[in-house]
Amino acid sequence: MNQLLIFDLDDTLFETKSISKTSVKPIFDQFERLLINSYGKEMTENIVSELWKFPFDFVAQKYLFDNTLNSEFARLVNQYEYQLNIKTFEDFGIVQNLRQEKILVTTGFLKLQNAKIRDLGIEKDFAEIYIDDLLDPKRIHKQGIFKNILLKKNINPNLIYVIGDNPNSELKAGFELNLNTVQVSKFGQEKSEYAHYCITGFDELKTILKQKACIQHSL
Ligand SMILES: [Mg+2]
């Protein structure tokens, strides 16, 4: 039976922080002006620094952004022409050489996520690509996307591997659906309770897949 690999993008296949601040700074400069009107200078400074570090929806919820702020940020993000100049992690070649079918599932703003994929030049490495768009009113999140993949492929969940860095996103979603979860800990993150495996490099992923394939074959 063939294994199926579902990959996350940010901090799994490339370092999100490697997107240089200058390449998206015009968006933040314009948004900062709007934030100052609502939150004042001091709090805006905190908010902007968190926006660099955390996903937009997390920060928006924490500071209770109103609809105008959310839609203005979305407008800025979706209008901008991105030149990101980013590269995959050095060992991505191991992923490219894996013979298993690979699917990419990533959360974020549609245009920005597409720009990352285009800039990394990885479209051809995945049989299917899904973007969990933060602005989609009918958003089904990663778990909904995984469920659809399960239905479509009609394969044993035991053969599916979800590979990503975020315990509260793909790892939790995959764990709850009884899929194998592999946490990518490129920066020494602690192993999550939702991770069956924790790896620092893709050579380890290759080993896990091989071992599991042997066990499944002998059953
Ligand atoms: Mg990630």
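Counting begins at 1 with the first residue of the sequence. Atoms within a ligand are numbered from 1 in the order they appear, just like the ligands themselves.
Each of Asp11, Asp165, Asp91 was checked for a salt bridge (Lys or Arg N to Asp or Glu O under 4.0 Å) with Lys186, and the lone residue meeting it is Asp91.
Among the backbone and side-chain atoms of Glu170, none of the N, O or S atoms lies under 2.8 Å from the Mg ion (ligand 1). Contact annotation: Asp8 places an N, O or S atom under 2.8 Å from the Mg ion (ligand 1).
Ion pairing between a basic and an acidic side chain is recognised when a charged N comes within 4.0 Å of a carboxylate O; Glu176 and Lys172 show such pairing.
There is no side-chain donor-acceptor pair under 3.5 Å between Gln183 and Ser192.
The Mg ion (ligand 1) is the vertex of the angle joining O of Asp10 and OD1 of Asp165, which measures 90° to the nearest 10°.
Taking OG of Ser38 as the reference point, atom CE of Met43 lies at 11.0 Å (rounded to 0.5 Å).
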